Amino acid sequence: MASEKRNGYKNRTLPDIQCVLELAKLESKDLKPCVQCLFFSGQLENDSFKLLELDEPVLQALQSGKKVEIRGDPSENAVLVTDSATYELKEAETSNSMLMLPKLTFGPDLHGDGNTEIINREVTAVVHNYYELRPIKPKLKKLRALLMENPYRGKECEGDEQDTYQNHTFAELQSTVQASDQEIKAGLAKINACEIQGFWRLLDLEYSATVLYHIVQLCEERNWFIEGLNMEECCEVLSELFPREVVEHMVRSHSKHDDSCMETDNSSNIFYLSEDKICKHFAEMCLRHSGKFNLSDFLKAWQESVPHDMKTSFSQIQGMALIDRDSNPEVIWYYNVDDLPEDINERFEVLFDEKKRWSLEEITPYVRDLTDDKTDVGALLTKFARASTQNGIKMFSSRKTS
């Protein structure tokens, strides 16, 4: 009986299959009862498919129905995000041809009644490219840049001129920032952003200092540094001066997060302000616009600016200020890790432009955020810096020769 043709291809018959077996030096008993014969569609849809190689966490997220998205502006390289992780999407080529078939039955499902059955399977596309996923750190620099465009300076400054600026909801940040939801939330907390009337804003430094000053004054008047700050009472007293969201944000962001230092009941929330966070805030106020500051003068001004009984220390300003002890007199200046590039190579280049040599203690706060589970500070310095000994102290400098 003449065999049928499909899109110009002759359908396989049992004699055809037997011939292929002989060429492959196989026996009929090696066949499953159901034989699938492939033929190519007359119109291959090669551009209709994009293959993505998944690791186990992404696969589990998809299988459990969790959100998996591709994010980034059209001008940026796309990233894939789950609820908690960010992946770089990179196109790769394979020398093997990958055939796309709408239907194909696999070994355990190839049942039959003992007689050989021939089923034709159509190949609708041939693909040679696919996308690989590589876990990366979230790209949060843009988050800070977006919010810095319109810092919050108080209700009285939110006039008509604010219409020229765009405020951002969390949903808008999700669509533009290349990071997962959890990483965006962590990034907002790190830059001390505040949600005001549904929009995420950075507080102007002078404005936030004014709010904190009133909170500190209230704590001193009511002995809240020892007994704990009553959030409800604090917000009520300051309600005529500042929005409740701002007061709550400043209290929470400058409080201890240890559960042992927080009491909660049905009528009140008691918070204990953090000495380190309060002192760091006042240090930033002293340094931000001061240029290079005589170190001894700074230490005196800093200690005098903080609340009574609070003690300042260098550990509170790690990653925020640098000290030159070789100058006469010694000087200190504002140098915030949050202002440095996210790219590792660029980060080290900027650091060594700022200072030719760094001790381990000095440089650690400025590269710690680049580490991960596999690469610690020591490994980063081994790869991107040159070690030497100066006066018995190990110092790190650029690997680039001058």
Side-chain angles (χ1 to χ4, degrees), residues 67 69 71-73 81 83-84 138-219 224 229-257 262 264 266-271 273-274 277-278 280-281 284-285 288 336 338-339:
K67 182 169 60 177
E69 293 182 319
R71 292 180 179 173
D73 284 338
V81 301
D83 286 342
S84 59
K139 300 180 180 182
L140 296 172
K141 185 68 69 176
K142 186 176 182 179
L143 180 65
R144 187 164 181 255
L146 287 171
L147 300 189
M148 284 182 67
E149 293 175 356
N150 185 27
Y152 184 80
R153 297 181 172 89
K155 289 184 291 187
E156 64 278 5
C157 297
E158 296 286 292
D160 293 338
E161 68 276 8
Q162 292 294 314
D163 295 339
T164 60
Y165 298 101
Q166 180 182 2
N167 294 326
H168 301 277
T169 64
F170 189 79
E172 290 169 339
L173 294 176
Q174 286 175 304
S175 66
T176 57
V177 177
Q178 293 179 303
S180 68
D181 290 356
Q182 287 187 22
E183 290 165 336
I184 292 175
K185 291 175 182 177
L188 289 169
K190 183 178 179 182
I191 63 177
N192 206 21
C194 176
E195 189 175 16
I196 303 173
Q197 296 181 345
F199 296 100
W200 284 94
R201 311 283 296 275
L202 284 179
L203 301 183
D204 174 74
L205 182 62
E206 298 290 339
Y207 178 76
S208 64
T210 302
V211 179
L212 186 60
Y213 171 79
H214 281 80
I215 293 172
V216 167
Q217 288 291 101
L218 200 57
C219 288
W224 282 350
L229 180 152
N230 186 302
M231 178 71 85
E232 191 63 35
E233 189 174 344
C234 180
C235 290
E236 184 177 347
V237 172
L238 300 180
S239 61
E240 294 185 3
L241 299 175
F242 313 109
R244 183 185 181 94
E245 299 115 310
V246 173
V247 176
E248 286 191 359
H249 169 75
M250 290 298 293
V251 170
R252 292 180 187 278
S253 62
H254 289 83
S255 294
K256 301 175 183 178
H257 294 303
M262 185 182 297
T264 304
N266 294 330
S267 59
S268 66
N269 289 322
I270 306 301
F271 292 82
L273 296 184
S274 165
K277 293 177 181 178
I278 298 292
K280 180 178 180 179
H281 181 92
E284 184 174 5
M285 287 298 301
R288 175 66 80 91
N336 197 330
D338 293 335
D339 297 326

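No hydrogens, no waters, no symmetry mates; every other heavy atom, side chains included, goes into these values. Here the structure is a predicted model, which is why all the values come from computation and not from measurement.
The nearest pair of heavy atoms linking H214 to T210 is ND1-O, 2.9 Å. Scanning both residues, L218 and L238, for their nearest heavy atoms gives CD2-CG, 4.4 Å. When all heavy atoms of P138 and A179 are compared, the pair lying nearest together is CB-CB, 3.5 Å. For the residue pair C234 and V251, the shortest heavy atom distance occurs at SG-CG2, 4.4 Å. Smallest separation of non-hydrogen atoms from L273 and I215: CD1-CG2, 4.3 Å. For the residue pair Y152 and P243, the shortest heavy atom distance occurs at OH-CG, 3.3 Å.
Under the rule for a salt bridge (Lys or Arg N to Asp or Glu O under 4.0 Å), the partners of R71 that lie at least two apart in sequence or sit in another chain are E69, D181. Judged as a side chain to side chain contact (heavy atoms under 4.5 Å, CB included), and not counting sequence neighbours, the contacts of T176 are D73, K142, L146.
V247 is not listed as a side-chain neighbour of L241, based on a closest heavy-atom distance of 4.5 Å or more.
Summarising the local packing, CD of E236 is surrounded by 12 or fewer heavy atoms from other residues, nucleotides or ligands at distances under 6.0 Å. Counted within 6.0 Å of OH on Y207, heavy atoms from surrounding residues, nucleotides or ligands total more than 12; the atom is thus considered enclosed.
Rounding to the nearest 0.5 Å places CG of N269 at 8.5 Å from CD of E232. A distance of 7.5 Å separates CG in L229 from CD1 in I270, rounded to the nearest 0.5 Å. To the nearest 0.5 angstrom, W200 atom CH2 is 13.5 Å from E172 atom CD. The NE2 atom of H281 sits 4.5 Å away from atom OG of S208, with the distance rounded to the nearest 0.5 Å. M231 contributes atom CE, which lies 10.0 Å from atom CH2 of W224 (distance to the nearest 0.5 angstrom). If you take CG on L212 and CE on M285, they are separated by 10.0 Å, rounding to the nearest 0.5 Å.
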Under 3.5 Å donor-acceptor pairs involving side-chain atoms of residues 189-197, not counting sequence neighbours:
| from | atom 1 | to | atom 2 | distance (Å) |
| --- | --- | --- | --- | --- |
| N192 | OD1 | H249 | NE2 | 3.1 |
| N192 | OD1 | S253 | OG | 3.4 |

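With hydrogens and angles ignored, the 3.5 Å screen pairs a side-chain donor or acceptor of R201 with a backbone N or O of N150.
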Pair L203-M250, side chain to side chain contact (heavy atoms under 4.5 Å, CB included): steps then yes or no: CA-CA 10 Å; L203 301 183; M250 290 298 293; 3.7 Å; yes
